[in-house]
4 protein chains.
Amino acid sequence: MNETKPKWSRRKDARPAEIVDAAMDVFVEHGFAGTKLTEVAKRAGVAKGTLYLYFETKEDLFRATARQALSANLQAVEQASAAFDGSVAELVPVLLKRAAGRLGDGRIPGIVRMVLAESRAFPDLARIWHDEVVARMLGLLTGLIAAAQAKGEIRAGDPKLYAMSIVAPMIMGLLFHEVFGSESDQAPDLDALAAQHSQAILNGIFMD
Amino acid sequence: MNETKPKWSRRKDARPAEIVDAAMDVFVEHGFAGTKLTEVAKRAGVAKGTLYLYFETKEDLFRATARQALSANLQAVEQASAAFDGSVAELVPVLLKRAAGRLGDGRIPGIVRMVLAESRAFPDLARIWHDEVVARMLGLLTGLIAAAQAKGEIRAGDPKLYAMSIVAPMIMGLLFHEVFGSESDQAPDLDALAAQHSQAILNGIFMD
Amino acid sequence: MNETKPKWSRRKDARPAEIVDAAMDVFVEHGFAGTKLTEVAKRAGVAKGTLYLYFETKEDLFRATARQALSANLQAVEQASAAFDGSVAELVPVLLKRAAGRLGDGRIPGIVRMVLAESRAFPDLARIWHDEVVARMLGLLTGLIAAAQAKGEIRAGDPKLYAMSIVAPMIMGLLFHEVFGSESDQAPDLDALAAQHSQAILNGIFMD
Amino acid sequence: MNETKPKWSRRKDARPAEIVDAAMDVFVEHGFAGTKLTEVAKRAGVAKGTLYLYFETKEDLFRATARQALSANLQAVEQASAAFDGSVAELVPVLLKRAAGRLGDGRIPGIVRMVLAESRAFPDLARIWHDEVVARMLGLLTGLIAAAQAKGEIRAGDPKLYAMSIVAPMIMGLLFHEVFGSESDQAPDLDALAAQHSQAILNGIFMD
DNA sequence: TATGAATGAGGATTCATTCAT
DNA sequence: AATGAATGAATCCTCATTCAT
């Protein structure tokens, strides 16, 4: 009865995180309704009842999962925005290339799809997503653009709409891969898209 | 009023369309799993069993519904592409404005969200969507762009990626409204977005 | 508009019999619960609703079907019993051989199985079967046996039990084929069974 | 009363047997289609869902139930065959009397009726019944008879057919009671039938 | 804390029966 | 008399949630 009973005394406070981590995969794969808590428990390596020690309901677990997914998203955005010292002309390609690389391979596209899918049933999630991710990200970009406009770097116009012009193609590209898989011969190469779109949006596609 | 309204006669051939029409609303609103056939039936004005006269299973009804939604989508695209005689410089603003107007109010954004949401559980739907809508739409635009490049109107570059640069912001805008509602103060005005993005993508946002 | 509209004016009073005939096959094949009226209608070449012009409910149709099956059974028994002039020693082999031949190929074994199967849910059928077929048949045989006992042809004993000793193996043989099919290598040859059992029951299997 | 009756504890391993036991009554009484799982659950003293912890589907439960019923049947047969040392002349009356007593009161006749009834819908059950009960039972008897023939106790003839001559009347008698109940004035007394048929089949009913 | 057997409300599906044509 | 589209009660089955251990 000495102190080593490591079998399950192991980090008792890590449990919620482990569960959420397991849940994320399952929710992303099957959606909210399609997810069976049995499977979440199995993947988390705990019994079904254990889930209820940490989360009141399935919805609760889903919210926690989505929130954590979004907050991770958020950190990626925050980090990306740390490189905002140069001119916009330099920033945009870097930003988009980073998005292509950092977001393209991880779980983020799946999470975006999931939140998109469930946003009707979970309006609070949509709000969190909006306030903590989308608005924040757009706000950052918008600020940069407005500053650049003040410096005469960027044409007049609504900075928020410019922000969308800049980021939307990358997001679409990510979703394209997520939804149709890379099997589609139409699936855009994300790095190429980042490069070409950067040029396109900065200089236009139209030949003067 | 002499139309001898049977008020409630047999109409074997109108029924499937009526049911699909009702189902579309419910599926868009609640998703596949969240949709109760009872509600579909109620909205279609028929009994639960009647659904099974025309559709084998709930999945079947969902597929039929999504397919029809996509084919409607398709028609909108085909029509939009009928105006392809002028130069790309003239076409792009028209195209995007049309998208803003025609797609913005109807059920299409909701359908896109729904198909996005269920594409994992219904890979065949994803394929249909890809082949019959996305690839087609991209193909059309890609063709126009390549032609314009041949005429020297548009810079060198992958036409498919240019196509994404052109349409993605509109689609994002539509989804933005669909997901966050227009309450969000960040929600872009679609007409303004169409106008400004047209200019941005054609001439660039960067000031020369 | 003259009298010949033979398409369906054809024997309007034959319909019930046609329906019952079709129903018999289906009920025998699938049992009461497993039978779908749609299939009965299809096999009878009428619409589902037509069944209800002649039979109030599915149960009603089943009863009529079973009754007719039993009455046909009955006739076979009556006929078989017409040959009761000779001695029992001559009658038994003839009777059993006839049973083997006449009952073995037709629908009767299936009907027996069906009535057996549903006798719990339809006690009235069991009664009809009992009164009009079983008791009658046993009664006939019992009478013959009692007469033969009076003449000193057959040993003392309960004639009814003797009757069972005589007929049971044939019935078992029929059911054996019905239930296990003739694929079973254990399935008795009915003619051989008739012949051997006749000898066995008349003279015993024991060697004196 | 110190048995610390948890009154209602977990008993994962007792449950299947309890359920099957309850199910047997209901299936025998109502047949497969007529059985409602609600009633099985109620009789087993569990909730509907509990059934599904142990059996995948209703069919599954039915198969398990029938199989167990048959295996019980089988044991009865095996035991009955343990008395095979004496001569056939001694064995047959004992065997039939045992059948009359042991099988007559229990659930076996009902089970036989049930399996008979459902054998069309569950051909696999028919096969199990055939292979594990019928063929086995016939095989045992057949072996005894062949041995007796070798010893000159029993006349020449197909032993399998003799076996049917011996057992069929008892089985018919059991089914008679099962189907028509003992109310029928025709219902044979099973002990009397066993006694008389033993004599009949051994010595013949015919007076030399 | 952790477990997983047990629960039962909820929803898809079937099919006998009806009735407008 | 005949049709078959429409109905909705009935029932199997799932799975989030509970609770005795």
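Every chain is numbered from 1, with letters handed out A, B, ... down the list of sequences.
Rounding to whole angstrom units, NZ of residue C:K42 and C1' of F:dT3 are separated by 16 Å. Atom P of nucleotide E:dT13 and atom CZ of B:F55 are separated by 13 Å, given to the nearest angstrom. Rounded to an integer number of Å, the gap from D:Y52 OH to E:dG10 P is 18 Å. Nucleotide F:dC19 holds its P atom 14 Å from the CD atom of A:E56, rounded to whole Å. Straight-line distance from the NE2 atom of B:H30 to the P atom of E:dG10: 16 Å, rounded to whole Å. Across the protein-nucleic acid pair, B:F32 atom CZ and E:dA12 atom C1' stand 10 Å apart, rounded to whole Å. Atom CG of A:L37 is separated from atom C1' of E:dG4 by 14 Å (rounded to the nearest Å). If you measure from atom CD of B:E18 to atom P of F:dA5, you get 15 Å, rounded to the nearest angstrom.
With sequence neighbours excluded, the residues that form a ring-ring contact (aromatic ring centres under 6.0 Å, His included) with A:H130 are B:F176, B:F180. Residues satisfying the salt bridge (charged side-chain N to carboxylate O under 4.0 Å, His left out) test with A:R43, not counting sequence neighbours, are A:E29, A:E39.
Taking a 4.0 Å limit (strictly below) on heavy-atom distances, residues 58-68 of chain A reaches DNA chain F at A:K58.
To the nearest 0.5 Å, the span separating CG on B:L37 from NZ on B:K48 amounts to 9.0 Å. Expressed to the nearest 0.5 Å, how far CG of A:L61 lies from CE of A:M24 amounts to 10.0 Å. Taking OG1 of D:T65 as the start and CD1 of D:I19 as the end, the distance is 9.5 Å to the nearest 0.5 Å. Interatomic distance, B:F55 CZ to B:R15 CZ, rounded to the nearest 0.5 Å: 11.5 Å. From D:E56, atom CD reaches atom CG of D:L51 across 13.0 Å, with rounding to the nearest 0.5 Å.
The shortest distance between side-chain heavy atoms of D:V20 and D:Y54 does not fall below 4.5 Å. Between B:T57 and B:F62 there is no side-chain heavy-atom pair separated by less than 4.5 Å. Under the 4.5 Å side-chain criterion, counting only non-hydrogen atoms from C-beta, C:I111 is not in contact with C:F27.
Note on A:L53: a base of the nucleic acid sits closer than 4.0 angstrom, heavy atoms only.
Remark: B:R107 engages B:D21 in a salt bridge, criterion side-chain N to carboxylate O under 4.0 Å.
Close to F:dA5, at under 4.0 Å from its OP1 or OP2, lies no side-chain N or O of B:R15. An OP1 or OP2 oxygen of F:dA5 is reached within less than 4.0 angstrom by no side-chain nitrogen or oxygen of B:Y54.
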Could you go through nucleotides 8-10 of chain F and list every protein N or O atom that sits under 3.5 Å from one of its N or O atoms, giving the distance for each pair?
unit_1	atom_1	unit_2	atom_2	d
F:dG8	N7	B:G49	N	3.4

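In this structure, A:T38 and C:V46 both approach DNA chain F, and ranking their closest nucleotides by distance from the 5' end singles out C:V46.
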Which donor-acceptor pairs under 3.5 Å do side chains of residues 116-127 of chain C form with protein atoms, sequence neighbours excluded?
unit_1	atom_1	unit_2	atom_2	d
C:E118	OE2	C:F32	N	2.9
C:S119	OG	C:L116	O	2.9
C:S119	OG	D:R113	NH1	3.1
C:R120	NH1	D:E178	OE2	2.7
C:D124	OD1	C:R63	NH1	2.7
C:D124	OD2	C:R63	NH1	2.3
C:R127	NH1	C:D131	OD1	3.4
C:R127	NH1	C:D131	OD2	3.4
C:R127	NH2	D:E183	OE1	3.3

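When base pairs are accepted only as Watson-Crick or G-U wobble with both N-N or N-O distances under 3.5 Å, DNA chain F takes part in stems of 3 or more pairs at E:2-21 with F:2-21.
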